[in-house]
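Just so it is clear, the structure is predicted and the values come from calculations on it, not from any experiment. Counting starts at 1 for both ligands and their atoms, in listed order.
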Amino acid sequence: MAAVKGKGSNQPASSWLGKIRGSATEARERFLADGQQRAKANEGASVILDPRDLSGEYDAGRLLYTTLGGELRPITADDLAAFRQNIKTAGSRFKGGGIKARQVLDLSLPIDLKRAREQIKYATPAGFSKGTLRLITNASGETPGITRHHLMVRFPLFDVAVNDASKTTKQAAAWLVKQPLHYDCDCGRHRFWYRYIATIGGFNAGRPETGYPKIRNPGLHGVGCKHALRAMSEVESSASIKNVLERAITAARNKDVKRKDIQIRQDEAEANIKRAGKIKTSEDRKSENTKRRERDAARRAAKQAEKQAVQPAAATPAQNFEALAASMGLTSAQIAALRAAGGI
Ligand SMILES: [Zn+2]
């Protein structure tokens, strides 16, 4: 399949970022608008398939549709049974209590990873408050007027990191980014495909979604939108995120109320977005390690061969004699005489 490049991939590094000041309000407004639209969808002749429907109270007269099996068609009792099974399967994939950043990368669909790698190249922390990190990524440019997305990443073990006296603040931050977390993204993919999975999987950081994604994602496949994948990759490896967590942990340990909420400055954010790294799954890391080991082994073998090639072959007795004679300053006549006498 030919690579489809997002419009966003050719943007200069920071043209999408906009102002950091006011970004928290924008994020809040977007999540609020999402919640209000969702509440509206629940009114009257709702098309939401909720837990009551799934448990057997579904009235076929409502004529809700699904795309399970590939085509848009009315939901049957068999579909409801399939949905219940899908919920069970998805539930067993996640342990509840959060999901690790690496797991989000590993359990995601190849299409989301591809989009994240090609289109969502930048992310920066924007703030931290009460155990929740706010992140901003660039948007792919597919939605007019939207140049950035907001993500909330909650660390439920933040207080543990604060209170673990055996760790320095730096160690505590490095530990925290490897622990289970909860997240939420303001994009449509998260809203219609994944927020339900995040809810039943126990790693949703925003409003819970209880309506089964019967049209967009009836098989409950995947887990993270492209923004979440970029965000998780950064949580795992970015120095700027560890730095924010370290500052927050330090403030909490020092009971420094003035610094417990962190606002990232515009210049800090602009410096951060130039540094987004390659998004790697565990599989990518494994194959990179194998390749590195093979490369190292080949390099060692080549060095060894080179060493053997330059080492002179063992000297013959005649050569040893010549060398000894030369070091003694003998003339060639004397050497010839000695050689005749010694039979060398
Ligand atoms: Zn998203």
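- Results of the salt bridge (charged side-chain N to carboxylate O under 4.0 Å, His left out) test with Asp79 over Arg84, Lys214, Arg73 single out Arg73 as the only residue that passes.
- The number of heavy atoms from other shown groups lying within 6.0 Å of NZ (Lys100) does not exceed 12.
- The distance from the Zn ion (ligand 1) to the nearest N/O/S atom of Cys185 is under 2.8 Å.
- At a threshold of 2.8 Å, the Zn ion (ligand 1) has a backbone or side-chain N, O or S atom of Cys225 nearer than that distance.
- Taking the N/O/S atoms of His227 in turn, the shortest distance to the Zn ion (ligand 1) belongs to ND1.
- Atoms CZ and CZ, on Arg285 and Arg102 in that order, are 4.0 Å from each other to the nearest 0.5 Å.
- You'll find the ring centres of Phe158 and Phe128 inside the 6.0 Å limit.
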